Amino acid sequence: MGIQVHEQEKRFVLETANTEYQMKVTDIGILQHLYYGRKVGGQDMSFHVIPFDRGFSGNPYELRLERGESLDTMPQEFTGSGIGDFRVSSLSVIGADGSRSCDLRYQGYQIKQTKTAIPGLPSLRQGGEAVTELHLFLADELVDLRVTLVYTVVDAKDVITRRVVVENASQDTIRLEKVSSMAIDFQYGDFDLLHYHGRHCMERQMERLPVSHDTHVVGSRRGMSSHHENPFVILCDKETNEHCGDAYGFMLVYSGNHKTEIEKNQANSTRLVMGIHDENFSWKLGGGQVFYTPEVILAYSAEGLNGLSQTYHRVIQDNICPPQFKNIQRPVLINNWEATYFDFDTQKILDIAQSASEIGIEMLVLDDGWFGKRDDDHSGLGDWFVNEQKLSGGLKVIADGVNALGMKFGLWFEPEMINEDSELFRDHPDWVLSDPGRKPMMSRNQMVLDMGNPAVVDYLFDSMSKVLSSAKIDYVKWDFNRSMANVYSTILPADQQGETAHRFILGTYDLLERLLTAFPNLMIEGCAGGGGRFDAGMLYYCPQIWTSDNTDALSRLAIQHGTSYGYPVSSMGAHVSAVPNHQTGRNISLQTRGVVAMSGTFGYELDLTRLTEAEKAVMRQQIKDYHRYYWLINRGVYTRLTNPHEDKYLTAWQFVAEDGNELLLNAVVTHLQANPIFPLLRLKGLEEAAVYQLVGSEKTFTGAALMYGGYVIKEIQGDPHDDQRGNYPAIQLHFKKI
Ligand code: DGJ
């Protein structure tokens, strides 16, 4: 396994536990893609490449007499541009003489036994695992551009990562107009594309559509990975479903502008190109300079979409998220945002903490409004010092008070933003992204700091460090509440303005890295108006991300379902909030809200001081249950059993322990029926012959009966007069092997 090089044929075979990936160098040095998928035992797959003259697809000069040999139809690993491949390109370069053509030919390779880090960018962590890395060197000799394709094979995790390093080996300056992280050509197959679109409060809604003869573009130009399109897509066969069939995943480890192009060409082959969005991107690469792209995590599953998701879940947990939070139970938290919004003082927060501790909550998070002059969203961002008028005694009084109750304390920041009405803006108006002479677009009354400016990052590091050292603060919620516009940096010359958006992301990563180095035990929860930056780049620094500003349990079913295709439940912030829900006005029982929020990093977000004794009792039990199921939920194998976009009556999902010893079945009734038809759920991952007891009852079932016969859900009628059932009853059933 790992990497095999067939020197004679110039063929490379990459193998993981269940997948195989092949490429080959042609006689004229073109790097062809041969195969990706289920293992084929190393068989040379070049018989798949059948040269054929399709007309209007010209030939490289050396092959001008062989009219079937065209870059336009050949499956490739990465392309230059302007030289006769008329599909979407991987790279776009302007040479010193203005020429836009780039012809990349193979030069050689190198194999390493360790994962190489990418300067300034998050990427897969090697952890304790064996990895092998293949560096394939390509070059355009004329421009003197060196392009290294880096492949990391993580055998045990069944993934391959890809990225690109571009070096200008000439003396001249060249411009990069597009640099993708990867490209792949599937010569055969008729695919569906799954992507995760959405909007604020409705992130990652899954859409499945046929790949047709044109180019589909999934991307964001908002300066953030966005609520609107996630940097994760799946290509799968038409027949593929949740439990069987071929599926390929592509996940960009990046938090800024991104673009994935999927093109089906004249001969029905499908090209996928993924990387930083090229719109408004341009990078000036001086002689000897190097550009690093972010990484893409590729996975293939022959076991349908759940199989693919399970691969990503493990990789994100073990090789992306900060390792220090993997084996510890994260605290059940109370966040004051939906309880108070900006309207609080020290006493109010301490009262909430007191009520929280009485029901077993383990951390209080003080959200927006504790700093500068911040009583609404018109002012204060950038002024990261406590508002002593609002919080007499400062943060220390609150932190100490919360700690005295045996709870941890966490704090909200929105580091990359600034209000016009702030001391920071009055002192440094030039630190804002803004076009010269033009009024900037405003959003939530705020503007965006130029994170590409090291002075800005230094200021944020110093001011945040001061706050974080002023009291015992264990957690930070890192928010980001607008899309970027007027992307102009005052510290860059005119011909480098196209670098601003990427430099911004590098600055953000730098700040995160510096803070985590200074405060290694700090747990950062990512957030961007909910899940606007729910991506593997942020997950590298944050073990969890606030999934959505929409806390309505029914909406959350689809949001968490969509998120689960690429990201584990252990990364999804999920809270029980008040009813009627603040985003939808819907009433849902506390029981159902609890079941949904437990499939995430569990917490509460409502005014606990107003609870009835009965509600407190339910919450106390929920927290106990969450602790009981913590490792099953956090490290168990998560499986989607239904699709909330298609299944009319019920949304269901399960967690099964890796050893198959226990299973937690969750289901929420989304539409009530009169004279109901009982849904049948076929459970997964149990031992056929083992006997499982439904915990809390005398009932037992064989694994085979639960998996192949299925479990019938009969608790599907609501009762609006019963606080626990309400209109959308939920069940949570625990099966244990006996
Ligand atoms: C958006 C976040 O998603 C909310 O949870 C809250 O922190 C607000 N921002 C505060 O401004």
Side-chain angles (χ1 to χ4, degrees), residues 198-204 222 224-228 255 333-344 348-349 352 363-384 387 390-391 409-419 421-422 442-449 464 467 473 475-484 523-535 538 542 544-553 555-556 559-560 563 571-578 581-584 593 597 600-607:
R199 56 193 186 277
H200 178 226
C201 285
M202 283 309 279
E203 298 87 338
R204 290 170 296 286
R222 294 171 179 271
M224 60 199 293
S225 51
S226 87
H227 306 81
H228 305 77
S255 311
L333 65 83
I334 170 72
N335 179 303
N336 73 304
W337 180 242
E338 287 197 14
T340 64
Y341 294 102
F342 292 106
D343 187 16
F344 59 83
K348 178 72 194 169
I349 297 301
I352 292 178
M363 179 163 75
L364 179 131
V365 177
L366 180 56
D367 210 280
D368 195 354
W370 58 267
F371 53 90
K373 188 183 109 200
R374 183 80 170 166
D375 292 321
D376 53 37
D377 63 19
H378 287 77
S379 57
L381 287 175
D383 297 342
W384 300 114
N387 179 343
K390 196 164 176 176
L391 299 178
F409 177 62
L411 198 59
W412 181 95
F413 285 91
E414 193 177 1
E416 298 140 286
M417 298 292 167
I418 181 167
N419 281 118
D421 185 1
S422 67
M442 298 298 283
S443 184
R444 210 193 187 208
N445 304 302
Q446 63 197 55
M447 295 178 290
V448 186
L449 283 168
M464 290 175 75
V467 174
I473 299 171
Y475 161 110
V476 157
K477 178 175 172 188
W478 184 298
D479 212 342
F480 185 95
N481 279 304
R482 59 161 283 182
S483 306
M484 273 159 57
M523 181 164 92
I524 304 182
E525 174 156 348
C527 175
R533 249 186 350 193
F534 206 118
D535 57 67
M538 288 309 286
C542 312
Q544 58 195 58
I545 294 179
W546 182 225
T547 314
S548 178
D549 270 350
N550 187 344
T551 54
D552 173 88
S555 309
R556 275 294 186 117
I559 295 168
Q560 293 175 194
T563 307
S571 67
M572 296 184 213
H575 301 168
V576 170
S577 62
N581 179 267
H582 293 197
Q583 291 79 41
T584 62
R593 281 177 277 153
T601 62
F602 192 50
Y604 291 87
E605 185 155 345
L606 71 176
D607 191 347

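All residue numbers in this chain count up from 1 along the given sequence. Predicted, not measured: the structure shown is a model, and the values here were computed from it. Whatever order the structure lists them in is the order used to number ligands and atoms, beginning at 1.
- For ligand 1, the atoms closer than 4.0 angstrom to any heavy atom of Asp549 are 1 (C), 2 (C), 3 (O), 4 (C), 5 (O).
- His200 NE2 to His228 NE2: the interatomic distance, rounded to the nearest 0.5 Å, is 9.5 Å.
- Heavy-atom contacts from other residues, nucleotides or ligands closer than 6.0 Å to CG of Asp376 number more than 12.
- Of the polar atoms of Trp337, none of the N or O atoms is found under 3.5 Å from an N or O of ligand 1, judged by distance alone.
- Using a 4.0 Å cut-off between heavy atoms, Asn481 contacts ligand 1 through its side chain alone, with no backbone atom that close.
- Here CG of Leu364 is found 6.5 Å from CZ of Phe409. Values are rounded to the nearest 0.5 Å.
- Rounded to the nearest 0.5 Å, atoms CD (Glu525) and OG1 (Thr547) are 7.5 Å apart.
- Between Lys477 and the options Leu366, Leu333, Leu411, Asn335, a side-chain contact (heavy atoms from CB on, under 4.5 Å) holds for only Asn335.
- Every atom of ligand 1 is numbered from 1 in the order shown, and the set under 4.0 Å from a heavy atom of Asp368 is 10 (C), 11 (O).
- The proximity of Arg444 to ligand 1, defined as any non-hydrogen pair under 4.0 Å, is limited to the side chain.
- Against a heavy-atom cut-off of under 4.0 Å, Trp546 is close to the following atoms of ligand 1: 3 (O), 5 (O).
- Atom 9 (N) of ligand 1 has as its closest protein heavy atom Asp479 OD2, 2.7 Å.
- Salt bridge annotation for Lys390-Asp375: present, with a cationic side-chain nitrogen under 4.0 angstrom from a carboxylate oxygen.
- Considering backbone and side-chain atoms together, Cys527 places no N or O closer than 3.5 Å to any N or O of ligand 1.
- Between Asp367 and ligand 1, a contact under 3.5 Å exists for at least one N or O pair.
- Residue contact annotation: Lys477 has a non-hydrogen atom under 4.0 Å from ligand 1.
- Between the side chains of Glu605 and Thr551, not a single donor N or O lies within less than 3.5 Å of an accepting N or O.
- When each of Trp370, Trp478, Phe371 is checked for a side-chain contact (heavy atoms from CB on, under 4.5 Å) with Phe413, only Trp370 meets the rule.
- Within the listing of ligand 1, atoms 3 (O) sit less than 4.0 angstrom from a heavy atom of Gly530.
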